[in-house]
Number of protein chains: 2
Amino acid sequence: MSSTNAVASDEIGSNAQRERRERILDATIALASKGGFDAVQMRAVAEQADVALGTLYRYFPSKIHLLVTALAREFERAESTLATRTISGDTPADRVISVLRRTTRGLQGDPHLTDALTRAFMFADKSAAQEIHAVGMLLTRMLTRAMHPGTDEVSDDDIAIARVIGDVWLSALVAWVTGRSTAEETAAHMERAVRLILR
Amino acid sequence: MSSTNAVASDEIGSNAQRERRERILDATIALASKGGFDAVQMRAVAEQADVALGTLYRYFPSKIHLLVTALAREFERAESTLATRTISGDTPADRVISVLRRTTRGLQGDPHLTDALTRAFMFADKSAAQEIHAVGMLLTRMLTRAMHPGTDEVSDDDIAIARVIGDVWLSALVAWVTGRSTAEETAAHMERAVRLILR
DNA sequence: TCTAGAAGTGAAACGTGTTCCTATTATGTC
DNA sequence: GACATAATAGGAACACGTTTCACTTCTAGA
């Protein structure tokens, strides 16, 4: 580390710094999982991670950065787990729906965490563009792999399709976490959208 | 009005109450238009509308309710203006794109207002479901009318298509107001999505 | 080993959404 | 017109994200 800059996500610090960073992200996920966006209070995160409030802000410049970074880490783990499985389904639409169903079910199994991460995603501004983009790439890869398993050739259309499905997914998640639609409605809407787009 | 309930949106109060309500919404739009979500500060709204802070909260239980209600009013006005025009374009996709372009341009002409209203929309929870639903219906009607001008017969597929386009639109707006994509990228993404869905 | 600068601590303080409370003013009923 | 009740004003107070600052501890290089 040089100068007075904060500890950026892609720089390598000392072991102590890496551990602090992980502790902070762990505390964030734990609090989010227990009580959602509102429960991730900066003082509480600092206390649970055993760092001072000022230190927390040195590592993450805002609550949104903190949550989006935590989201990216969780998403990466989930995606790498998913990547080891074979995807069931005979058509691209079936496989995409299968993947989305599994992922959506995972999210709905931890509603508070989903609430926190979804809201953070929606509130993230330009300064978190890098993390947001990383998540978007993971999602795109996940969906294109479901559409064309076994190949790495991805057309522009495929990417556009993946983005549209991602958009619908995000909107559906927002509607779900804000209590405006049920889990069943969310799933049904997603499935319907995929069949419309991939017919 | 009876008992100690607040002044609900669909109940009819006295003239003074209606006028206060309108003044509050006017102040909200004015402040949002000048400085976006952050500039809509409850104390500032109260002052500009010439009501006490407590009164503001009696009319609208939260900043989100306030903004979503203001959004619904603006959207209704815009939609009724749009409804009087004939829509250009030879295919459903062309007409939908034409409508979205005009509307998106309108929003982008007042970025601060769009910022405030988009963020409010994303943050709205169940207690604002009614207002959110009203906006969704307006959007659906706008899009189905663009797809099939002159008829009122709307299939389930048409509604599903309109919802998907609405979802993509919302995601694109969020990306735009948070500075993660430019106006041009937003427009291009929307157009591409519509052509994918309505091909 | 010594030392300068970076990193961390602990706590106070500020801004804004939200709540609460008391005094004052409208409003509708007899 | 007098009264009961609802509505409003005015402002204090609280919660949480964020900033700031003085002080202490760690760490890397001479």
[X] near the nucleic acid: base, sugar-phosphate alone, or nothing, with a heavy-atom cut-off under 4.0 Å?
X	value
B:Val40	sugar-phosphate
B:Arg20	sugar-phosphate
B:Asn15	nothing

### Task
Enter the distance from A:Ile197:CD1 to B:Arg199:CZ here, rounded to the nearest 0.5 Å.
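So the CD1 of A:Ile197 and the CZ of B:Arg199 are separated by 9.0 Å.
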
Given [options], the nucleotide with the shortest approach to the side chain of [X]:
X	options	answer
A:Gln17	C:dT16, C:dG8, C:dT9	C:dG8
A:Tyr57	C:dT19, D:dT8, D:dT18	D:dT18
B:Met42	D:dT18, C:dG17, D:dA9	C:dG17

Rounded to whole Å, please give me the gap between [atom1] in [X] and [atom2] in [N].
X	N	atom1	atom2	answer
B:Arg21	D:dA7	CZ	P	15 Å
B:Ile24	D:dA9	CD1	P	9 Å
B:Arg23	D:dT8	CZ	P	10 Å
A:Glu47	C:dG8	CD	C1'	17 Å
B:Lys63	C:dG15	NZ	P	16 Å
B:Phe123	C:dG17	CZ	P	13 Å
A:Gln41	C:dG17	CD	C1'	14 Å
A:Leu53	D:dG17	CG	P	9 Å

Does the side chain of [X] pick up a donor-acceptor pair with the side chain of [Y] at under 3.5 Å?
X	Y	result
A:Ser33	A:Asp110	yes
A:Thr114	A:Trp176	no
A:His65	A:Ser127	yes

### Query
Given that A:Asp38 and A:Gly54 both sit by DNA chain D, which one's nearest nucleotide is further toward the 5' end?
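This one resolves to A:Asp38.
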
### Query
Does A:Asp157 CG have over 12 foreign heavy atoms under 6.0 Å away?
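Enclosed.
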
### Query
Would you say D:dT8 has OP1 or OP2 under 4.0 Å from some side-chain N or O of B:Tyr59?
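Yes, because at least one side-chain N or O of B:Tyr59 sits under 4.0 Å from OP1 or OP2 of D:dT8.
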
### Task
For A:Thr55 and for B:Ile64, find the nucleotide of DNA chain C with the closest heavy atom, then tell me which residue's nucleotide is more 5'.
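With A:Thr55 and B:Ile64 compared, the 5'-side residue is A:Thr55.
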
### Task
Answer with yes or no whether A:Arg58 presents, from its side chain, a donor or acceptor under 3.5 Å of a partner atom in the base of C:dT9.
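Counting by modelled atom types and ignoring angles, no donor-acceptor contact under 3.5 Å is found here.
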
